Amino acid sequence: MHWADFAASRLAQRGDSHIIATGITPSGHIHVGNMREVLTGDILRRACSDAGMNAELAYIADTADPLRKVYDFLDDSYSQYIGHPVGDIPAPDEKGRPDGDGTYADYFLAPFLAALDETGVECRVIDNYQSYKNGDFAENARKLCDAAEQVREIIERVSSRELSDNWFPYNPRGSDGSIDGVVITNWQWPYVHWVDQHGIEGKADIRTADGKLPWRLDWPAKWQQIGVTCEPFGKDHAASGGSYDTGKEIAKLLGYEAPMSMPYEWISLKGQGAMSSSKGITLSARQLLDIVPPEIMRYLIARTKPKRAIDFDTGEGLISMADEFERLGNSIPSLQDKLHSEEALKKRQRDQIEDTLAFWKYSQVVAGDSTASGSGISFSHLSLVAQVKQEDAEVWKSLSQTHGIDEKQPSKVLQERLWRMRNWVAGELFPDSSRVSIQEKINTEWVNSLGEDQIAYLQKLSESTTILENTESAINQWIRNTAQDCKLETKVAFNTLYNLYLGKDKGPRLAALLSALGKEQIIAPLTSTLNHLG
RNA sequence: GGGCCUGUAGCUUAGUCAGGUAGAGCACCUGGCUCUUAACCAGGUGGCCGCGGGUUCGAACCCCGUCAGGCCCGCCA
């Protein structure tokens, strides 16, 4: 059974209506790791719907969280905003100065939400800072402040850590707007009285956004307010004594049963380590979707159990995963037939087929549409054609010859695949091993190792270039017919030509490659090789 | 120091909760396609299931220990 269906079946035992929550603090570029959280939630939501339950995904933007530090991508002038809610401070401009349009939170949130939309994630966005302003936290904040000693006991016991004497279940903002270094002097509904690091005194109304609950309390308070029944979260929260453990007890204090947990592992970038904004190891959701088709991003998450770490390879690994996805799409009908046929399947086989079908189902950008995501063209082939053909029209023409697509009206999926492929090929993430590079110089060692029959073949090719037309089919005929004339095995002929042009034993469709090169470039290596042989 | 997660073929992994001959995909090899070999189709090679012990008729799975990687038990998410 697919992990999402399994989780849905456990949720079904709790009730038939569910709110799955997910959220992050928009303190910087929102990266692929965060994408896993949201996609995990979205796939679970679909699984619940498929199982006949009502299910909604709530995306909580933690905009009330304070700016922790001046990140590398920010100008030093941001130091004045440390401790201020990210939903309340200005966005950075292109130089990282706090002079951009809109809020800091929106600046990072907007592209991420757009990326979610592209990936087929359906969610209700909840702005946490706004929730504080609306007074949504008032009741829970009151209960927690009234039960301050009990709350302290829970956190100290469960996390086995000692809280400072002046710890209080509410962090008000001081006279400069920062929550850092503010000490509580008194609590009387609805005011928390404080003295800040400048020695200035004041009071915060907990029915407003004059401050916020500390994270370990903010979380369970939100569960209760929103009615969260399940939440995927990073493995850090899941560790014993971590925020989920304390959250469970705090929720009980608030008279609410904690949501079902769903811990997930990190995504790291292959060869670079864990995603970390501060170390500069990061791939934002936007950067990702500029090269990875959304259905393939979904596939990555859907096929991997949440507890398993993902080492994301944006190079060769992406090509092979995308090819796998394409093959999977082609095999769906036969898998379905196999599952429904009378043929006796072992349980293991059946499970495996069911899982595979689920991978495909949950990868679809449009839920329920099981045909739209396949493009019919493998990634590896598309990468080649995209490199060889500069004009899109030429790509469609080539694909119509090789794969029978409609040259005039390529599918939308395919068009999007191509622009992403072009972005990828143009950037640094594209793997060198898949780059097509024509040999600049002839490899004399290789030339000297050529057999008589191969030399005769090259000779014959060279003699017949004058009448050669620069089309794929003409070039293909030229290669094959000449080989036949020389009584050279086709296999050897191709091997020889791959070595001549690419310096490799194998390669992409040679006729396609050569026709894109142009006649002069076809002839030059032939001539220089024959000259070398004298 | 205390706790949690992960370790299965060269790579990605299923199976661990409910013990019953270790299953896939990629790569590789072979064959097929009077279209090419990085396209497509069929078949094949490849596993002391991290390691050591225990329970059992029987262990990848349960128990104890051990090694390796990651995470939490400060702030913050």
Side-chain angles (χ1 to χ4, degrees), chain A residues 1-3 6 10 23-28 33-34 37 62 65-69 83 86 155-156 158-164 179-180 214-216 218-219 233-246 263-266 268 273-274 277-278 300 303-311 313 316-317 319-321 323-328 330-331 346-349 351-356 359 376-385 399 401-403 433-434 436 472-473 476-477 479-480 484 489-495 497-498 502 504-513:
Chain A
M1 193 188 274
H2 188 268
W3 58 261
F6 180 72
R10 282 206 294 146
I24 38 152
T25 303
S27 59
N34 302 121
E37 170 161 330
D62 286 320
D65 290 350
L67 182 71
R68 287 314 337 167
K69 60 180 226 180
V86 292
I155 292 179
E156 292 194 326
V158 178
S159 70
S160 64
R161 82 189 226 222
E162 207 172 318
L163 296 173
S164 67
I179 65 170
D180 291 348
W215 158 247
R216 280 178 188 256
D218 179 279
W219 203 22
F233 46 81
K235 61 172 177 177
D236 45 354
H237 296 305
S240 98
S243 46
Y244 180 70
D245 274 1
T246 50
Y264 63 88
E265 254 283 359
W266 307 135
S268 55
S277 315
S278 53
L300 173 68
R303 69 166 187 169
T304 314
K305 281 181 295 194
K307 266 199 301 194
R308 220 170 237 288
I310 294 177
D311 196 22
D313 180 2
E316 289 177 60
I319 294 191
S320 69
M321 177 169 64
D323 281 356
E324 182 183 315
F325 181 81
E326 224 32 73
R327 277 191 302 269
L328 179 61
N330 294 333
S331 68
K346 285 182 182 167
K347 183 179 181 300
R348 176 174 287 152
Q349 288 176 304
D351 286 349
Q352 213 143 28
I353 292 173
E354 281 172 352
D355 276 0
T356 306
F359 293 160
I377 311 294
S378 75
F379 233 51
S380 38
H381 188 67
L382 187 64
S383 79
L384 170 83
V385 182
L399 292 179
Q401 288 167 1
T402 54
H403 291 74
S433 59
S434 295
V436 176
E472 272 190 44
S473 61
N476 199 32
Q477 290 301 309
I479 294 169
R480 299 170 77 69
Q484 268 183 1
E489 264 186 85
T490 317
K491 193 171 181 172
V492 178
F494 275 101
N495 180 280
L497 293 179
Y498 280 118
L502 301 174
K504 296 178 186 174
D505 287 336
K506 292 179 177 181
R509 289 174 177 261
L510 199 50
L513 177 67

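Predicted model only: the values in this text are computed from it and were never measured. The chains referred to below are lettered A, B, ... by the order of the sequence lines, with proteins before strands, and numbering in each begins at 1.
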query = Less than 4.0 Å between a side-chain N and a carboxylate O, is that true for R303(A) and E324(A)?
reply = yes
key: Rounded P spacing from rC26(B) to rG44(B) in Å   = 14 Å
inquiry  = Checking contacts here: which listed nucleotide (rG23(B), rC17(B), rC73(B)) is nearest the side-chain heavy atoms of Q352(A)?
reply    = rG23(B)
request  = Between rA18(B) and rC40(B), how far apart are the P atoms? Round to whole Å, please.
outcome  = 43 Å
request  = Considering only atom P, compute the distance from rA42(B) to rC51(B) and round it to an integer number of Å.
outcome  = 35 Å
Interatomic distance at P, rU8(B) relative to rU45(B), whole Å = 23 Å
Nearest-angstrom distance from the residue atom CG of D236(A) to C1' of rC5(B) = 12 Å
task = Establish, from distance only, whether the side-chain atoms of R216(A) and T246(A) form a donor-acceptor pair under 3.5 Å.
result = yes
message = Please classify the nucleic acid contact of N476(A) as base, sugar-phosphate, or nothing, using heavy-atom distances under 4.0 Å.
response = base
message = I'd like to know if E324(A) reaches the base of rG25(B) with its side chain such that a donor and an acceptor end up less than 3.5 angstrom apart.
response = no
inquiry  = With rounding to the closest Å, how many angstrom separate the P atoms on rG2(B) and rU66(B)?
reply    = 10 Å
request  = Could you pick out which residue, L384(A) or T356(A), lies toward the 5' side of RNA chain B when each is mapped onto its nearest nucleotide?
outcome  = T356(A)
request  = Look at all strands and tell whether Y498(A) reaches a base, only sugar-phosphate, or nothing, counting heavy atoms closer than 4.0 Å.
outcome  = base
inquiry  = Between Y264(A) and F233(A), is the ring centroid distance below 6.0 Å?
reply    = no
query = Any Lys/Arg nitrogen of K235(A) or E265(A) sitting under 4.0 Å from an Asp/Glu carboxylate oxygen of the other?
reply = yes
rG19(B) versus rC49(B) - spacing of their C1' atoms, nearest Å = 15 Å
message = What's D62(A) touching, base or sugar-phosphate or nothing? Going by heavy atoms closer than 4.0 Å.
response = sugar-phosphate
inquiry  = So, OP1 or OP2 of rC26(B): does either fall under 4.0 Å of a side-chain N or O from R327(A)?
reply    = yes
Atom of D180(A), atom of G83(A) and distance for their closest heavy-atom approach = OD2-CA, 3.9 Å
inquiry  = From CZ of F379(A) over to C1' of rG25(B), roughly how many Å is that when rounded to an integer?
reply    = 18 Å
task = Quick one: label R10(A) by what it contacts on the DNA or RNA (base, sugar-phosphate, nothing), any heavy atom closer than 4.0 Å.
result = nothing
query = In whole Å, what is the span from the CD1 atom of I353(A) to the P atom of rG15(B)?
reply = 15 Å
remark   = Paired to rC26(B) by Watson-Crick or G-U wobble criteria (both distances under 3.5 Å) is rG10(B)
inquiry  = Using Watson-Crick or G-U wobble geometry with both distances under 3.5 Å, which nucleotide pairs with rA77(B)?
reply    = none
task = Name the pairing partner of rU16(B), where a pair is Watson-Crick or G-U wobble with both distances under 3.5 Å, or state none.
result = none
query = Rounding to a whole Å, what distance do you find between W3(A):CH2 and rA14(B):P?
reply = 13 Å
key: Spacing of the P atoms in rC64(B) and rC17(B) (rounded, Å)   = 15 Å
ask   = Between K235(A) and rC72(B), does any side-chain N or O lie under 4.0 Å from OP1 or OP2?
value = no
request  = Please report, rounded to the nearest Å, how far the P atom of rG23(B) is from the CD atom of E354(A).
outcome  = 18 Å
key: Under-4.0 Å side-chain N/O to phosphate OP1/OP2 contact, R308(A) with rA14(B)   = yes
ask   = Can any side-chain N or O of E162(A) pair as donor or acceptor with the backbone N or O of E156(A) at less than 3.5 Å?
value = no
ask   = RNA chain B: S380(A) or D355(A), which has the more 5' nearest nucleotide?
value = D355(A)
query = Once you round it to whole Å, what is the distance between P of rC5(B) and CG of D311(A)?
reply = 22 Å
ask   = Just to confirm, is there a sub-4.0 Å distance from OP1 or OP2 of rG25(B) to any side-chain nitrogen or oxygen of R303(A)?
value = no
key: Same-atom distance (C1') from rA27(B) to rU16(B), integer angstrom   = 28 Å
task = To the nearest Å, give me how far apart CE (M1(A)) and P (rG15(B)) are.
result = 12 Å
query = When the distance from CZ of F359(A) to P of rU12(B) is rounded to whole Å, what number comes out?
reply = 16 Å
key: Non-hydrogen atoms of D62(A) and V86(A) that approach each other most closely   = O-CG2, 4.0 Å
From rA77(B), rC71(B), rG15(B), nucleotide with atom closest to K305(A) side chain = rG15(B)
